[in-house]
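Remember, it's a predicted structure, so these values are computed and weren't measured experimentally. Below, chain A is the first sequence line, B the second, and so on; all start at residue 1.
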2 protein chains.
Amino acid sequence: MELTDRKKQILKIVVDGYIATAEPLGSKAIAEKMPGKISSATIRNELAELVELGYLEQPHTSSGRIPTPKGYRLYVNELMEQHTLSAEETASINASLGGKMAQVDQLVSQAGQMVSRFMGYPSYAMAEGRRDISVRRFELIAVDSGSFIAVVMLSDSRVKSQLMPLTLPVDGQTLPEISHLLNTHFTGIGPEEISRHLMNLTDQVSGQWFLLLNQVCDYARQLLQEAAHQSVFTTGASQLLKFPEFRDVDKAHDLMSFMVDNKENLPVPTGDSPMQILIGPENVNDALKESSVVIASYDIGENMRGLVGVVGPTRMDYATVAARLSYFAESLSRMFGAGQLPAKEDTKE
Amino acid sequence: MELTDRKKQILKIVVDGYIATAEPLGSKAIAEKMPGKISSATIRNELAELVELGYLEQPHTSSGRIPTPKGYRLYVNELMEQHTLSAEETASINASLGGKMAQVDQLVSQAGQMVSRFMGYPSYAMAEGRRDISVRRFELIAVDSGSFIAVVMLSDSRVKSQLMPLTLPVDGQTLPEISHLLNTHFTGIGPEEISRHLMNLTDQVSGQWFLLLNQVCDYARQLLQEAAHQSVFTTGASQLLKFPEFRDVDKAHDLMSFMVDNKENLPVPTGDSPMQILIGPENVNDALKESSVVIASYDIGENMRGLVGVVGPTRMDYATVAARLSYFAESLSRMFGAGQLPAKEDTKE
DNA sequence: TTTAGCACTCCTTGCCTCCGAGTGCTAAAG
DNA sequence: CTTTAGCACTCGGAGGCAAGGAGTGCTAAA
């Protein structure tokens, strides 16, 4: 059953007001904000029905009304005015995006930081990659008699490198030959297969070689493992304390420690809409049942998506957050979709 | 003027008790904890003098006593019992240290995380490096017609690498030649000098070459800058909320946002004692005037020191924190001093 | 120097009251 | 049938007050 226009209007006023002040709205205050002259008594009748229907509730008999999650949901779906970003807002977002972000891993975490700082809510960020990552290319570089550099390029184009000690001196040919061996036998496969292949080689190569191979393969396996186990970054948890609903230290503590200790369980978007809003109990996770989350995702080229989420009280300013977050995500996509990944973007418009 | 033994004993009981419960201690409670039979009246006389001398204070007339910063200081310097770590504690620390830490940068941050998690206090961590870092070695690796890998080894033995786009195709000789050029002209110098050298080359090399040189030098400059501007990691700020002194949300918020937004101003050890305790107003920074900080540093080989600090209320459990932190720092030093990490530089050239 | 005793201080807790914002309901008006 | 005015009622919050208790300082005796 559909709500009448007037009911919707009232609902919108209640949500808007409650978002702004965190105080329940009374019939009189609402009456004043309604266009046309309507008495508070009329409003009261409407309010009673909205409560009946489950869109509003009152913290106690005889106090104003506040939205229920169902109320927020309707608001978000239909009533919310599209917040259009002001020139300053876009400028400010563009400014945060200005700094160049080198490594994919850092990129994601930085995106989270920017969002949190810019929006004034805690945020979290992660990369949603594909799971089947392998090594695309090995390169060993001689440094001096005691060490060499292992460079590993992964199938998602990330490059990692590390200095490694050389337990025994080697002649000039050894490293290139080992590189070659690695590139022919150890690329394009997963970590377990790397181990298997390595085992097969035990008696085909000299102990010296095997030592080196093992060293590099260890490193590669470690990288692959890291890449598979996607990490989540959270920032700005302390921003929660600004909100009156978290004056209760215990509540704040619960949510904050959930965000840092249980990052992996923070919601990820279902379906493939670019932006998603989860209101209060819509969150599966208990710790989030009294909070809302806005999630957006963006492209980082190469089958990878970045994901950034904003956490706040159910009374979160959905319109503004959604607008900003979506602009943010679009900008990021444009940045990385257009110019490819780790490259420079300083020659941009 | 020295305190009598009995005064010290009383002071110790007050500090111990207040650390444990966050409640002021009364004369009666103290009397019970004193060895031998002493009446509460006697204790009262002593307490009055300790207040007079500035070691204790009372939140209001007629309430128990709590330690002043001066009191804590004496406690820390003389009275505190060395907390010796139990087998479980050391085992637990060793377990956290078990995981291998690859990159120097991550290492430092991970050390902070472990400390925070293990101690139950917020913590911060940074690396104290030398300032005059330069590039020791360049290496460019061809990948395909559209990109190459730049590997840069810094003078502190860290190795960084990144995939770069190739704006124009190059022949097989170009990259090695450019590497050579970079290695002969751009190693061992600071970021400004890199820029200067590059300018000098503008009309000596082809535009194509210059483009590539510029690309790599940009990257190198960025790395040097990053290395010089040491970054600080903070973790576990939410742990603050566990302490009753931070039930006041505003206080908690102030300190927490200080820790994340003003990391650079967190205290670093003065002098060269391996561990330092800063109590309340001994902190220069206003935001920390009501908190205490315990700092320890550890070696990461190669002239570099890691630094990790624990932040808590002045009523922090100094004995335990100090013991654990120092064990932690020692273990880290041992781990990296002894062996492997980012590398040893045994050949001097 | 220590101790017992006592009056005093001041925080905490619970209780009570008052106030006001806001409600639901009823009855009259449109 | 809907809207409005009026009125009694509810309930949380603020303020005041008294009782309780933990702890003190002081004094006088051991």
Please state how far atom [atom1] in [X] lies from atom [atom2] in [N], giving the value in whole angstrom units.
X	N	atom1	atom2	answer
B/E49	D/dC26	CD	P	12 Å
B/E23	D/dG23	CD	C1'	13 Å
B/I38	C/dT3	CD1	P	7 Å
B/N45	D/dC26	CG	C1'	9 Å
B/K28	D/dG25	NZ	C1'	18 Å
B/I66	D/dT24	CD1	P	13 Å
B/E52	D/dG25	CD	C1'	13 Å
A/I10	C/dT23	CD1	P	11 Å

*Can B/S116 and B/Y124 be counted as having a side-chain donor-acceptor contact under 3.5 angstrom?*
no
Nucleotide nearest [X] (side chain, heavy atoms from C-beta), chosen from [options]:
X	options	value
A/Q58	C/dG24, C/dT3, D/dG12	C/dG24
B/A48	C/dC11, D/dG25, C/dA4	D/dG25
A/R6	D/dT3, D/dT24, C/dC10	D/dT3

*Sort out for me which residue in A/V268, A/L278, A/V311 forms a side chain to side chain contact (heavy atoms under 4.5 Å, CB included) with A/I295.*
A/L278
*NA contact type, A/T42, heavy-atom cut-off 4.0 Å: base, sugar-phosphate, or nothing?*
base
Give a yes/no on whether any side-chain N or O of [X] is located under 4.0 angstrom from OP1 or OP2 of [N].
X	N	value
A/S27	C/dT23	yes
A/R65	C/dA21	no
A/T61	D/dC11	yes
B/S63	D/dG23	no

*Find the runs of at least 3 consecutive base pairs, i with j, i+1 with j-1 and so on, that include DNA chain D, using Watson-Crick or G-U wobble geometry with both distances under 3.5 Å.*
C:1-30 with D:1-30
*First encountered from the 5' end of DNA chain C, between B/A41 and B/H60*: B/A41
_Whether B/K251 engages the ring of B/F246 as a cation-pi pair (distance to the six-membered ring centre under 6.0 angstrom, angle to the ring normal within 45°) should be assessed._
no
_Residue pair B/R6 / B/I38, side-chain heavy-atom distance below 4.5 Å_ = yes
*Between B/D248 (side chain) and B/D250 (backbone), is there a donor-acceptor pair under 3.5 Å?*
yes
*Taking atom types as they are modelled, is there a donor-acceptor pair under 3.5 Å from the base of D/dT10 to the side chain of A/S62?*
yes
*Is B/R44 side chain donor-acceptor paired with the C/dG5 base, going by distance under 3.5 Å alone?*
yes
_Within 6.0 Å of CZ in A/R73, more than 12 heavy atoms from elsewhere_ = yes
*Got a sec: does the CD of B/E245 have more than 12 other heavy atoms crowding it under 6.0 Å?*
yes
_Tell me whether the rings of B/F328 and B/F118 are parallel (<30°), tilted (30 to 60°) or perpendicular (>60°)._
tilted
